[in-house]
Structures are given as structure tokens and as C-alpha cells.
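Only heavy atoms go into these numbers, but all of them, side chains included; no hydrogens, no water, no symmetry mates. Each chain gets a letter, A, B and so on, in the order the sequences are listed, and its residues count up from 1.
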There are 2 protein chains.
Amino acid sequence: MMTASNAPVRQSSVRAHNLALVLQTVANSADPISRASVAGATGLTRATVSALVDDLIAGALLGEVDPAPRSGAGRPAAGLRPSADGPAGLGLEINVDYRAACVVDLTGTVRHHLVEAGDQRAPGSLDGLTRLAARALRLAGAEGLTVAGAALAVPGLVSAGGVVRVAPNLGWQDVTVGSQLHGLPLIVDNEANLAALSELGTGDLPPSFVYISGEIGIGAGIVLNGALYRGVRGWSGEIGHIPIDSSGPLCRCGARGCLEQYAGQEAMLGAAGVTSVESLAGADLTVAGTALGTAIATVVNLLDVDTVVLGGIYAPLLPGLHDAIGAEIARRVLTAGWSPVRLRAATLGPDAAVRGAAGAVLRGVLDDPAAYLAR
Amino acid sequence: MMTASNAPVRQSSVRAHNLALVLQTVANSADPISRASVAGATGLTRATVSALVDDLIAGALLGEVDPAPRSGAGRPAAGLRPSADGPAGLGLEINVDYRAACVVDLTGTVRHHLVEAGDQRAPGSLDGLTRLAARALRLAGAEGLTVAGAALAVPGLVSAGGVVRVAPNLGWQDVTVGSQLHGLPLIVDNEANLAALSELGTGDLPPSFVYISGEIGIGAGIVLNGALYRGVRGWSGEIGHIPIDSSGPLCRCGARGCLEQYAGQEAMLGAAGVTSVESLAGADLTVAGTALGTAIATVVNLLDVDTVVLGGIYAPLLPGLHDAIGAEIARRVLTAGWSPVRLRAATLGPDAAVRGAAGAVLRGVLDDPAAYLAR
DNA sequence: TCAAATAATTCAACCAATAAACAAATCGGT
DNA sequence: ACCGATTTGTTTATTGGTTGAATTATTTGA
């Protein structure tokens, strides 16, 4: 049920909304699309679409391409598609053993991708990230891109205002990153959240799903109706400490039998008696899969999503995990009989979080192009 | 992050939105409120508010009351408040041992409340409910109320189109209730969902919370940002089978150690060695409280809500449950140290679901008064 | 070469909100 | 008792934005 937002609507809001509608219709179309088709798809008139498209082209959000060869009579349509020379998003990531930046344009193309390996737990890693961001911005500027904003993916809990409450594996506690970077607005968010957005952006996922990221810790990004659900304070998706067995092994969080004790990277390596994630491919993953399945069943019972995407180390290991997860889902999800739960491996690999960060910036432009045009 | 809806916006949508904004501002105000105050609160101009209020008064959604005695200079304001003679919602409930109907007007007053005790598992209980609804409609009609729609609360899983997939305690399976009743649009929904909406309507809850209903089964209603989250297929909140201990007792669902085996009504009665819910008040509820706390911790870790409302049999038992739940939350909710989880007893008692059903209808009117006016 | 078809633009009409002026009703002070 | 200040509510001209119909543009098919 939709509650009306508590802001008044004026004529300019109408235009803002319809600009977003037209831009998104073009962005979601696989092929270049005509103004007339946009009008048909949106319900707006051709006159209105033309006027809106004029603004979007003037602002370099859309570009026109040569008419696609068509069959049938009639004037050929000019194709519209997102412009590659307009706004771009700067995605940043800081993780235990590397930092990364990438620049993505409105077409979804990764224009630049910089990675610096090295332990980020040392002090000064944030300064290093700032320098990396500056390099990426120079590269983008040299190509004539307008960077609309930046987003940083962090493996930890983030509060409003760019404060990292805790990032256990980085050793961070109450680190203020801020909400500006080189004069750009900066979003700071959990890596699983941004990776989930990234997978959403691939287009072949339903509007509601849960992304589970297996790393040293386990996190989840919850996407409901096409939007990331961040929770009241931005701390949603802390799935790693779902209890699997209250008489299980003691976890570093102080409780017993948390998911991480069965399906965390360390636990899986220990159980299989190997030291590298690659070696897990041949191992018996039943214990981890069962625990993961139990946790997934809980999530599905609670949120009624029908798709779960497994990312991080789980993505390559899904074949070995699949049966155990599926068995647990069949046993514990009440509605599994009517409607199966789809399990998918993430498609984007380790870049998902940085790309999702850049995508979050672009999503902001797509959601409110009028604000970008008025900048 | 808000995704633009895929519908075009025209001038009439602006009016529809602002009508809703004005109506909700008046409805959310404790005392009668002037047009000028509405203008101040909404950001609309006084002229616009006046025009919108004219429509709302003409449609019997708002009424004017005598100016409240005021201090200070200036022309006295005419007070606006929701009309008691306008639209009303028909709430219906069917449960194991009773059926109920209630009529609630826009001021939130319960105008009629009919309850028929008796076993509803017998065939024909739906016909009985239809007759009960007819009685309530006659009473409402005699008072000049315009019943805008009906909603039915069912203790089970409901699909779109008014199909009850399964209601275990009613013995229902794939029962089609339909989406019309006596010519009115009919919403069918889970009782925990509607009870959650009902608690939301009391006004002293934050916009995001989880309502947990303890009955024979355990259900949850999830309210996010002031709106009920129903899930992809309407089956969200199935909390009763969250695993507490995978080596625990066998549950009727086929899995082991489900929450219901510790904190369900039967389990609690069995553990305390009593036969009535009233007798539980003095019993030791540590086991149930711990299990409930574990489940709540899972929900909070996942959804990051800071308020949990306990309803059904849990409401009167909260004093006995509180400490065990709190201990488990402190142990398992990662963010409990920064921001406490508030536990509340539901305030509305056993009527919550029926009243929530009526409230769901009224919420539809408040969310889109233009549709009601155009009927 | 012309008619039909489809795409895109132009323009008058309309709808809704705004701003500013105006009318209404009260209070406070002299 | 009266006048100015103050606040509420309405009236009116203006503006922004969509619509629908007419118009122009460009192609296919007969």
C-alpha cells in the first residue's frame, strides 16, 4: 500500500516525474527506441515526449542515433538511447586487501577501472582512496564526462552522514568518511547493498530479491520493488549472525551457532581442511549449504521473495551448495510447494560492489534527471 | 531509494496527490486544524488549500467545526476535521471460533461492531460471514454512512484475487473468497498484516516496525516506511517457522526446532502445564521468551527496525517475556549497543485485526481521495 | 507518381498551482 | 468607541505543463 509522500506537488514536479519516466523508459530499452514508442510505453502524448526528450538531449542525458532499418511504411523513427557523453558515476570500494575506483557512464559502460592492491587496514588508507578517486576523476574529465557523484562501498555498518560505525575486517570503528569528495556528493554504503544494486542493474532479475554476499563475513542486500531496502538506520541485511543452532559453536559476536560459524569463509575452509577458496570447489559443502539454506528459508519466510542471488565466494561454489540449500528450503519454506525459490549465482564477480557504487550514482540521476539538469 | 513509478503524471494527478496530502494532514492532526495551518504544514499556498478543502467538504470527507477559541489577533480560523458522515470502512474477520464485522468511520470511531461466536471450520462459515456483513452494511446505511469498501482478515496465506491458499487452523485450502462483497470491493489479507496496520493507525508508532501476533500460530506484519510490506505474493511475515534450534522438537511443518515449538500457544501451555492462556500470566516464560527473542533478533538484524510490537497472547504476557527477549536481543542484535530495540505490547487487543481491516479500507480513501470523490 | 502510413513538431486550449491583492474578522491600545 | 495590526480565507491574473488536433516530414507500396 502506497502512502502519499508529505511533499506538495507542483507543476514542476510533474515535469520532473515525467522526465524521469521518459529517461528510464529509454534506459530500460535494450535497443534504441523512438519518441513514439516512448509515448506508447509511458502513456504520455507524443507532443509531451518530444518536449521532454528535447530537454534530455540538451542536457546530454539522451542521444539520438540513426534510424534503425524498419519494415513497413511511414517516416522512420529516430532512435533514442542514453548518452555516453553525459553524466557518469564514480564508484569506490575499500576492502581488506585492495581499494578500487571505477567510472561508469549512463550506458552502463565501465569507462575506467583502477585497482590498487595492498592492505587497507593501515591508517591512511582513506587518503589513498581519495588520491585514487582523484586519478579516476582526471581520467573521466579528460574524456569530457560529467561525474555526477561518488559512492563508496565499505564492508561494514554505515550510518547516515557517511559514518562507518564498524567495519570489523578493516579494523574501523566510528570512522567518518563524510558526504563530500573532491566537491562531489558522496554516498557511503555497505558493500552487499551496493553489490545487490549492481546485480539488479543487470536487468535479468525480478524487482524483489535478496543478494547474499559470502566473504569473511556474510552480508545481504535486500531489494524490494526495484529499490534497495536499507532499514531504518541503514543497517539492514546483517544476515551473518542468524542463529542456526543455539547450541552450536561460539561466534565472535558472543552468541552461539551463528550462520557465519557454518558458512563463513573461515568456517568453510576449516571444515574442508584447505586454505584457499579455490580448493573448496571440490570439497563437500553440505554443512555450509544446509546452514545457508536454513538462513535463506528464514529470509524467504519473512520477506516472501522468490529469488535469492548468491555472490562473493558463494557464486563459484553454487553447484556444490545448491542441493543442500534446496533441501533446506523445501523443508522450511512454507510456500515452497506453490512457488519455488529461485537460486542464482551472481554474474558480476568481485567487481560487483564498485560497479554497484557507480550504479547507485547513476540511479540517482535516472530517478531525478531534473535535479541533474538544474545543477 | 525511490524508483519512479511507471505511470505518467498529468495535472489531474497533481490534484489527486494534493487532495490526499491535505486530507492526511487534517486526519493526522489531533485537533481541528485551520486551512492556513494546513497550508503551512504542507507547503501549499492558502489559496490552493482552500480550493482543495472545498472539494473535500463537498465530498463529505472533511467537515468544518466552530472556530476554537484562540489567543492573539487575527480573524479566527475555521476548524477542519475528518467527517463522521462520509466514507466508512467495513472490516471483517473470520477466525477459529468466531466471526466479526465492524464499521469504522473516517474519524476512527467504531460505529458498529458485530461478533458471532461459533466454530468457523464448518462449511458454510463464509455464507455466515456474508450475512454478518449484510447486517453491518444495513446498520451503516441507516446512519447515512457511505461504505467505501470491505476488508477481510484471515488467519492464513492469501494470494492475489482473494484466494486463501491455506488457513491451517480453519482447515481451509485454496478457498476463493473473491474480490467483491455485496457490490463492494473486497480486500482479503492475513490477520497479522491487518492487525499491524491497525497498530500503525494508533499513531504512536514509528513508520517502520514489525508486529508479531501470537496465537495458535505465530505471524508477523511488517510495516516499512508507513506501508505494509506484503511480499512478492503476499506471503510475508511467516515467522512461526524460523528455526531456533535445528536439533529441536519436530514441528507439524516437518522441520525441527521452529519458533512455534517454543513460543506457540500450545507449546507455552504445555511447558507451563496449564490449559488456559490466562494461567500463563504467572508462569515461567523464559523458554518462550528466549525463542521469541532469538527470532526477533533475526528479524531486526535483517530488517533493521527499531520497534517490535507484540500482539495476540503476547501482549498481556509481555511483562513475563520481556527480560528473556531483551537478553537474547542484546546478545544477538549486532547494533543493539548503539540503538536499542523497543519492545511494545499491542494496544488494541483481540479486535486489532477487524479494526485493521476497516482501517485498510479507510487508508485506501486517505491515500486516494480523488478516486473516492469520483466514484 | 500518388495514396497510405508512421514519426515528429507546432499551436491553441485547458487545468492546476502560485502570487499578490483584497475582504473578513478579531485583538490591543488609546 | 475607534483605529491599526494581525491573521484567515477568497478572488484574480499569471505561469507552467500536458493535451489534442492539425501540420509537416519521410518512408513504403500500388
*Asks:* Look at the side-chain N and O atoms of A/Arg35 and state whether any lies under 4.0 Å from the OP1 or OP2 oxygen of C/dT6.
*Replies:*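 No, because none of the side-chain N or O atoms of A/Arg35 sits under 4.0 Å from OP1 or OP2 of C/dT6.
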*Asks:* With distance as the sole test, does B/Thr42 use its side chain to make a donor-acceptor pair with the main-chain N or O of B/Val38 at under 3.5 Å?
*Replies:*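 Yes: the side chain of B/Thr42 pairs with the backbone of B/Val38.
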*Asks:* Which residues pass the side-chain contact (heavy atoms from CB on, under 4.5 Å) test with A/Ser37, not counting sequence neighbours?
*Replies:*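 By the side-chain contact (heavy atoms from CB on, under 4.5 Å) rule, A/Ser37 matches A/Ile33, A/Ser34.
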*Asks:* Just how far, in rounded Å, is P of D/dT10 from CG of B/Leu52?
*Replies:*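 So the CG-P distance, B/Leu52 to D/dT10, works out to 12 Å.
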*Asks:* What is the minimum heavy-atom distance between B/Leu61 and B/Pro87, and which atoms define it?
*Replies:*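 Between these two residues, the closest heavy atoms are CD2-CG, 3.4 Å.
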*Asks:* Measure CG/B/Leu80 against C1'/D/dG9 and give the value in whole Å, please.
*Replies:*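 Going from B/Leu80 (CG) to D/dG9 (C1'), I get 11 Å.
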*Asks:* Taking atom C1' of C/dA7 as reference, at what distance in whole Å does atom CD1 of A/Ile33 sit?
*Replies:*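 Checked: the CD1 to C1' distance equals 14 Å.
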*Asks:* Just the rounded figure in Å: distance from P of C/dA8 to CG of A/Leu62.
*Replies:*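 Between P of C/dA8 and CG of A/Leu62: 13 Å.
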*Asks:* May I ask you to decide if B/Glu199's main-chain N or O and B/Thr202's side chain share a donor-acceptor pair within less than 3.5 Å?
*Replies:*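 Flag set: sc B/Thr202 to bb B/Glu199 pair under 3.5 Å.
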*Asks:* For the side chain of A/Ser179 and the backbone of A/Gly161, is there at least one donor-acceptor N/O pair under 3.5 Å apart?
*Replies:*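 Side chain of A/Ser179 to backbone of A/Gly161, a donor-acceptor pair under 3.5 Å: no, none is there.
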*Asks:* Can you check whether B/Leu194's main-chain N or O pairs, donor with acceptor, with B/Ser198's side chain at less than 3.5 Å?
*Replies:*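 Not a single qualifying donor-acceptor pair exists.
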*Asks:* Starting from P on C/dT26, measure out to CG on B/Asp66 and report it in whole angstrom.
*Replies:*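 Roughly 11 Å, once rounded to whole Å.
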*Asks:* Under 3.5 Å, is there a donor-acceptor pair between the side chain of B/Arg15 and the main chain of B/Ala370?
*Replies:*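 Judged by distance alone, no pair lies under 3.5 Å.
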*Asks:* Looking at B/Asn18, I'd like to know whether one of its side-chain N or O atoms comes within less than 4.0 Å of OP1 or OP2 on C/dA17.
*Replies:*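 For C/dA17, OP1 or OP2 has a side-chain N or O of B/Asn18 closer than 4.0 Å.
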*Asks:* How does protein contact run along nucleotides 19-24 of chain D, one letter per nucleotide 5' to 3', with B for base contact, S for sugar-phosphate only, - for none, heavy atoms under 4.0 Å?
*Replies:* BB----
*Asks:* What is the distance from CG of A/Leu19 to C1' of D/dT18, rounded to the nearest Å?
*Replies:*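 Value for this atom pair: 13 Å.
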*Asks:* To the side chain of A/Val14, which of D/dT27, D/dG17, D/dT8 is closest?
*Replies:*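 Between D/dT27, D/dG17, D/dT8, the one nearest the side chain of A/Val14 would be D/dG17.
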*Asks:* Using whole Å, report how far CZ of A/Arg15 lies from C1' of C/dA16.
*Replies:*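 It is 16 Å, rounded to the nearest whole Å.
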*Asks:* It should be established whether A/Ser50 places a side-chain nitrogen or oxygen under 4.0 Å from OP1 or OP2 of nucleotide C/dA8.
*Replies:*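 No, outside the criterion.
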